[in-house]
Protein chains: 2
Amino acid sequence: MFDLDLRSRKPIYEQLIEKTKEMIIHDVLKPDEQLPSVRLLAKQLTINPNTIQKAYRELEREGYIYSIPGKGSFVANKKEAIYDEKVKQLEENILKLCQEAFYIGLKKEQIFSIVERAERAIRGGEEIDSN
Amino acid sequence: MFDLDLRSRKPIYEQLIEKTKEMIIHDVLKPDEQLPSVRLLAKQLTINPNTIQKAYRELEREGYIYSIPGKGSFVANKKEAIYDEKVKQLEENILKLCQEAFYIGLKKEQIFSIVERAERAIRGGEEIDSN
DNA sequence: TAACTGTATTATATTAAATAGTACAGTTGT
DNA sequence: ACAACTGTACTATTTAATATAATACAGTTA
């Protein structure tokens, strides 16, 4: 579930934050679903509980989860806000890359074909949604 | 010229590598043009010469520049190879982002409009090339 | 009450990044 | 020949971020 690369140059807590965000955005973790406790997850990942807590603290600060002392940590039900932010961020990144691509001479058609390739890659692995 | 953010969480030498690559790709630095010496650039950026050398060493390893002991460091004239690699890398990144975008529900038309916005942003600031 | 939960704190260890200093050999222009 | 450049190499040290370790406290749950 929370599989992360302990030998990466990227900090563990950052990886954990990213993975958790992804799972929330992709609805792998449902709203109000309980997350594993800091101690349990630390044991499972064989890392320190403080590292987990650091990640959870940041996730709560950004509104992805909420924590109740004594009860546990849960997925926030603010999917719209989070989703909108994610879309905005994606758009920014795509825009930036496309500008770079145009800047060094790629043509619009080349980028369109990449977009279509991405669509096929995704649509191929999912049931058709009829819209 | 080599303006970089000394307070970034990103290592200085990595920033320097990226900036230099950009300038080479964008032809701001021409083939066989001499780069500032490690000592001079270190003084200009008020950082340590070793940090510059680390960046130059990596740039040479990747084929972006070549260094001649006693003479200096120069921009490599392998633009085609570097360019091809850059294009490939850009395509990979765009593909990845588009897959992510499709995955969370964006439509092809939305991404196309982003691509076109990027094109306008670039074409607006350059003379038309007639192809 | 026992065993969970989140939270907080302090101290320590580890590692990467950056600095500092020195040295050696090749190049360049005077 | 000489002074002033160049790249390169090496060791030692400092700094900051990351991660660990060990506790502690309070609320929750069965």
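A note on names: the letters A, B, ... follow the listed sequences, proteins ahead of strands, and every chain is numbered from 1.
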Contact nearer the 5' end of DNA chain D, comparing A/P49 with B/L40: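 Upstream on the strand: B/L40.
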
Ion pair present between A/E22 and A/K19, side-chain N to carboxylate O less than 4.0 angstrom?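 Salt bridge flag = no for A/K19 with A/E22.
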
Counting any heavy atom closer than 4.0 Å, what does A/E60 reach on the DNA or RNA strands: base, sugar-phosphate only, or nothing?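 Answer is sugar-phosphate: A/E60 comes under 4.0 Å of backbone atoms only.
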
Strictly under 4.0 angstrom, non-hydrogen atoms only: write out the protein contact profile of nucleotides 23-30 of chain C, one letter per nucleotide from the 5' end, B, S or -. B--BSS--

Rounded distance in Å - [atom1] ([X]) to [atom2] ([N]):
| X | N | atom1 | atom2 | answer |
| --- | --- | --- | --- | --- |
| B/R57 | D/dT6 | CZ | C1' | 16 Å |
| A/L35 | C/dT7 | CG | P | 11 Å |
| B/R9 | C/dA16 | CZ | C1' | 16 Å |
| A/L4 | D/dT18 | CG | C1' | 15 Å |
| A/Y66 | C/dT5 | OH | C1' | 14 Å |
| B/D5 | C/dA18 | CG | P | 12 Å |
| B/K10 | D/dA16 | NZ | P | 21 Å |
| A/I52 | C/dT7 | CD1 | P | 13 Å |

What's the closest nucleotide to the [X] side chain, out of [options]?
| X | options | result |
| --- | --- | --- |
| B/N50 | C/dA17, C/dA20, C/dG6 | C/dA20 |
| B/K54 | C/dA20, C/dA17, D/dA19 | C/dA17 |
| B/S73 | D/dG7, C/dA17, D/dT20 | D/dG7 |
| A/S37 | C/dA17, C/dT5, D/dT8 | C/dT5 |

From B/L35 CG over to B/T20 OG1, what is the distance, rounded to the nearest 0.5 angstrom?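 B/L35 atom CG to B/T20 atom OG1 measures 7.0 Å (nearest 0.5 Å).
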
Please round to the nearest 0.5 Å and tell me the distance separating atom NZ of B/K54 and atom CD1 of B/I12.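 If we round to the nearest 0.5 Å, B/K54:NZ and B/I12:CD1 are 11.0 Å apart.
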
Is the B/Y103 ring parallel, tilted or perpendicular to the A/H26 ring (thresholds 30°, 60°)?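 Correct class here is perpendicular.
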
Test of understanding: with side chain to side chain contact (heavy atoms under 4.5 Å, CB included), list the residues that count as partners of A/Q44, not counting sequence neighbours.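 Listed in chain order: A/L40, A/L41.
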
Within less than 4.0 Å of OP1 or OP2 of C/dA17, is there a side-chain N or O belonging to B/T51?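 No, outside the criterion.
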
Any A/Y13 side-chain N or O less than 4.0 Å from OP1/OP2 of D/dT18: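 Answer yes for this pair, as a side-chain N or O of A/Y13 is under 4.0 Å from OP1 or OP2.
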
Is any N or O donor-acceptor pair between the side chain of B/N48 and the base of C/dG21 shorter than 3.5 Å?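 Flag unset: no donor-acceptor pair detected.
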
When you compare the side chains of A/Y13 and A/N50, does any donor N or O come within less than 3.5 Å of an acceptor on the partner?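 The criterion, which ignores hydrogens and geometry beyond distance, is not satisfied for A/N50 and A/Y13.
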
B/K79: which residues meet the side chain to side chain donor-acceptor pair (under 3.5 Å) condition with it, sequence neighbours left out?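 Testing B/K79 for side chain to side chain donor-acceptor pair (under 3.5 Å), a comparison that skips the adjacent residues, returns B/D27.
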
